[in-house]
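Written below as structure tokens is the structure these notes are about.
In listed order, ligands and their atoms are each counted from 1. Residue numbers count from 1 along this sequence.
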Amino acid sequence: MSDERFEVVIVGAGPAGIAAALTLAREGVEVLVLERGDFPGAKNLFGGILYTSVVNELLPEFWDRAPIERHIINRRWVLLDEDTQVALDLKSARFDVPPYNNTFTALRSKWDRWFAEQAEEAGAMIISETNVEELIIEGGRVQGVRTGRDEGDVKADCVILAEGANALIAERAGFRPQMSPRNRVSAVKEVIALPPEIIEDRFHLEGRQGAAIEYFGGAVKGTVGSAFIYTNYDSLSVGVGCMIEEFLRLKMAPYDLLDWFKAHPMVAPLLRGGETVEYATKMIPEDSYSALSDLYEDGLILVGDCAGLVNPSIHHEGTNLAMASGVAAAEAIIEARARNDYSKATLARYRLALEESWVMKDLKRYRDSVHFMLDNRELVSDYPDLAIRLIRRYFTVDDMPKDELLNGLWATIKNEVSFLKAARQMWRARKTML
Ligand SMILES: Cc1cc2nc3c(=O)[nH]c(=O)nc-3n(C[C@H](O)[C@H](O)[C@H](O)COP(=O)(O)OP(=O)(O)OC[C@H]3O[C@@H](n4cnc5c(N)ncnc54)[C@H](O)[C@@H]3O)c2cc1C
């Protein structure tokens, strides 16, 4: 690789980098992907839901041949307190037929590897076990990357940074905002092996159907965060993720919170008999739309988590934004190539395309959601707790006349909730979080 030159070098073989590589290779662009893992996906971690509208455009009906785990037909959002759960449960036969609501569970070590093979078949070159250390910036523009290998430099007309959430290269070069406890989630996840028949029985599934359950409120001790259980084919992905500021406030480590969640009486029976076969921790960027950098420079484009493109709302989407940004970056570079001009002015097309797409429209819509929740913690602690107590009491069977029961519930609400404050919070929550 000594002083090799490619038209495009991509740092990172995650969903963003590979979507870009595949799109570029199909147009005959000479593209090199550098990945530090032993193979694409070797060390990659996510919760487990792959959103696939972009994949289905790139690789139509990929589910027939890709290593996906299950298609999600059942989504459940659950509030917990110490011994009770209240849930909203969505299960649909419509999600049981192609394209399966574009929602699948996957394990990154299998999925990323397969996705990367599709890019290789299209003509991209992927070199693993190669850590990129920094950008080569000369004459005021990015000219390539410096790797950890002896013969280390690779020159390029354009570099795509797809290095994920821990974006050291972009941060060092000053091309993205610094990390803070208010814009990063710390997450920890276990993969727990269980026989497929037990998973299907326990979660009321058949064949390759899957379930995704997300927990809030007391499940994460009333913090801004959530816990999850997703069904793979013969394992469960189980994890928690909260804003770093929340872990500091709780004075609790992420893995202690996960152990606590796993032992909850509403959760433990779902995991019973399983064996933990994987354990990992990672960050999720939750930069607000307003804090995003330009996302492009002379000879450089940032994509995916590295660019801060994660939807922090209840939708918890990242993989689809990563892939959509990878495709948009590739399309901008294809246009720049036709003009032989990789300047910032030409690459601005990338940001424009994202702004016009659902990617930035969604990020704009949820731009205040994280800070709003951090500043209105009643929404994740007091109100869910009250809702559970009210619903539990309402359905508790005893000899109290129902009129008296309802009067008691109203009295509890009046006693514990400031109506004006709650109404204002709900109004803003509707606008910032739903
Ligand atoms: C716990 C957790 C749960 C999540 N759950 C979900 C979910 O259920 N659904 C969802 O859609 N999203 C989820 N996300 C977010 C999702 O994982 C990301 O949005 C998505 O992976 C971003 O893709 P990417 O390609 O930008 O980055 P990544 O997937 O992080 O890929 C970056 C790649 O770059 C490589 N790399 C990094 N630095 C270098 C370097 N210096 N040199 C060479 N290679 C390098 C890495 O090894 C990696 O392969 C979750 C994230 C976490 C942490």
Side-chain angles (χ1 to χ4, degrees), residues 9-21 32-55 72 75 102-109 111-113 115-116 126-135 145-149 152 154 159-172 184-191 212 214 225-230 237-242 254 258 279-286 302-312 315-326 329 359:
V9 168
I10 300 176
V11 181
I18 294 301
L32 170 68
V33 185
L34 296 172
E35 166 57 46
R36 68 177 170 191
D38 291 348
F39 56 87
K43 286 188 190 151
N44 290 350
L45 162 78
F46 82 145
I49 305 187
L50 192 68
Y51 296 101
T52 55
S53 50
V54 179
V55 186
I72 301 297
R75 299 202 69 171
N102 294 308
T103 312
F104 297 82
T105 47
L107 293 167
R108 295 286 299 274
S109 54
W111 167 265
D112 285 16
R113 198 172 202 170
F115 197 32
I126 300 178
I127 302 184
S128 298
E129 297 180 76
T130 306
N131 185 48
V132 173
E133 293 178 341
E134 60 179 349
L135 295 168
V145 298
R146 184 146 297 137
T147 75
R149 288 178 179 264
V154 187
V159 173
I160 297 179
L161 275 184
E163 57 177 328
N166 202 11
L168 297 177
I169 301 170
E171 268 182 28
R172 256 186 241 133
R184 287 292 181 284
V185 162
S186 178
V188 49
K189 168 186 161 177
E190 286 182 19
V191 176
E214 289 177 12
S226 60
F228 57 85
I229 301 177
Y230 302 140
S237 291
V238 183
V240 296
C242 299
L258 178 57
Y279 184 94
T281 175
K282 207 182 163 195
M283 275 187 305
I284 307 174
E286 300 213 335
L302 274 61
V303 294
D305 276 18
C306 169
L309 305 178
V310 173
N311 182 336
H315 298 287
H316 286 161
E317 294 172 18
T319 47
N320 47 348
L321 282 79
M323 291 186 268
S325 65
V359 172

Inset, instruction - Measure the distances from the heavy atoms of His316 to every atom of ligand 1 and state whether one is below 4.0 angstrom. - result: yes
Legend entry - Atoms in ligand 1 with a heavy atom of Ile169 nearer than 4.0 Å: 41 (N)
Legend entry - Test item, Met323 contacting ligand 1 (heavy atom, 4.0 angstrom): no
Inset, instruction - Please write down residue, atom name and distance for the protein heavy atom closest to atom 32 (C) of ligand 1. - result: Ala162 O, 3.3 Å
Legend entry - Nearest-neighbour protein heavy atom for atom 48 (C) of ligand 1, which is reported as residue plus atom name and distance: Asn44 OD1, 3.3 Å
Legend entry - Sub-4.0 Å heavy-atom contact, Met283 with ligand 1: yes
Inset, instruction - Begin from the C-alpha positions of Met283 and Val185 and carry the test side-chain contact (heavy atoms from CB on, under 4.5 Å) through to its verdict. - result: CA-CA 5 Å; Met283 275 187 305; Val185 162; over 6 Å; no
Inset, instruction - Decide yes or no for Leu34 and Val11: does some side-chain heavy atom of the first lie under 4.5 Å from some side-chain heavy atom of the second? - result: no
Inset, instruction - Compute the minimum heavy-atom distance from Gly239 to ligand 1 and say whether it is under 4.0 Å. - result: no
Inset, instruction - Using a strict 4.0 Å threshold on nitrogen-to-oxygen distance, state whether Arg146 and Glu133 make a salt bridge. - result: no
Inset, instruction - Enter the distance from Ser325:OG to Leu309:CG here, rounded to the nearest 0.5 Å. - result: 5.0 Å
Legend entry - Option with minimal heavy-atom separation from atom 42 (N) of ligand 1, where the choices are Val132, Ile18, Val145: Val132
Inset, instruction - Looking only at protein heavy atoms, identify the closest one to atom 27 (O) of ligand 1 and say how far it is in Å. - result: Gly164 CA, 3.5 Å
Inset, instruction - Please identify each residue that fulfils ring pair (Phe, Tyr, Trp, His ring centres under 6.0 Å) with Tyr230, with sequence neighbours left out. - result: Phe228
Inset, instruction - With heavy atoms of Leu34 as the reference, note each atom of ligand 1 found under 4.0 Å away. - result: 43 (C), 44 (N)
Legend entry - Rounded distance [0.5 Å steps], CZ in Arg36 versus CD in Glu163: 8.0 Å
Legend entry - Closest protein heavy atom (residue, atom, distance) for atom 47 (O) of ligand 1: Glu35 OE2, 2.6 Å
Inset, instruction - Identify the protein heavy atom lying closest to atom 36 (N) of ligand 1, giving its residue, its atom name and the separation to 0.1 Å. - result: Arg36 NE, 3.8 Å
Legend entry - Thr319 side chain near Phe46 side chain, heavy-atom distance below 4.5 Å: yes
Inset, instruction - Distance to 0.1 Å, residue and atom name: give those for the protein heavy atom nearest to atom 13 (C) of ligand 1. - result: Phe46 CD1, 3.9 Å
Inset, instruction - Determine, using heavy atoms of Thr130 and all atoms of ligand 1, whether some pair is separated by less than 4.0 Å. - result: yes
Inset, instruction - Give the contacting part of Ile284 toward ligand 1: side chain, backbone, both or neither, where contact means a heavy-atom distance below 4.0 Å. - result: side chain
Legend entry - For atom 2 (C) of ligand 1, the protein heavy atom that lies nearest, with its residue and separation: Gly47 N, 3.4 Å
Inset, instruction - Could you tell me which residues satisfy salt bridge (Lys or Arg N to Asp or Glu O under 4.0 Å) with Arg172, sequence neighbours excluded, listed by chain and number? - result: none
Legend entry - Minimum-distance protein heavy atom relative to atom 1 (C) of ligand 1: Ala187 CB, 3.3 Å
Legend entry - Glu129 with Arg149: basic N within carboxylate O range, under 4.0 Å: no
Inset, instruction - Check Phe228 against ligand 1 and report side chain, backbone, both or neither, counting heavy atoms closer than 4.0 Å. - result: neither
Legend entry - Gly241 touching ligand 1 at heavy-atom level, < 4.0 angstrom: no
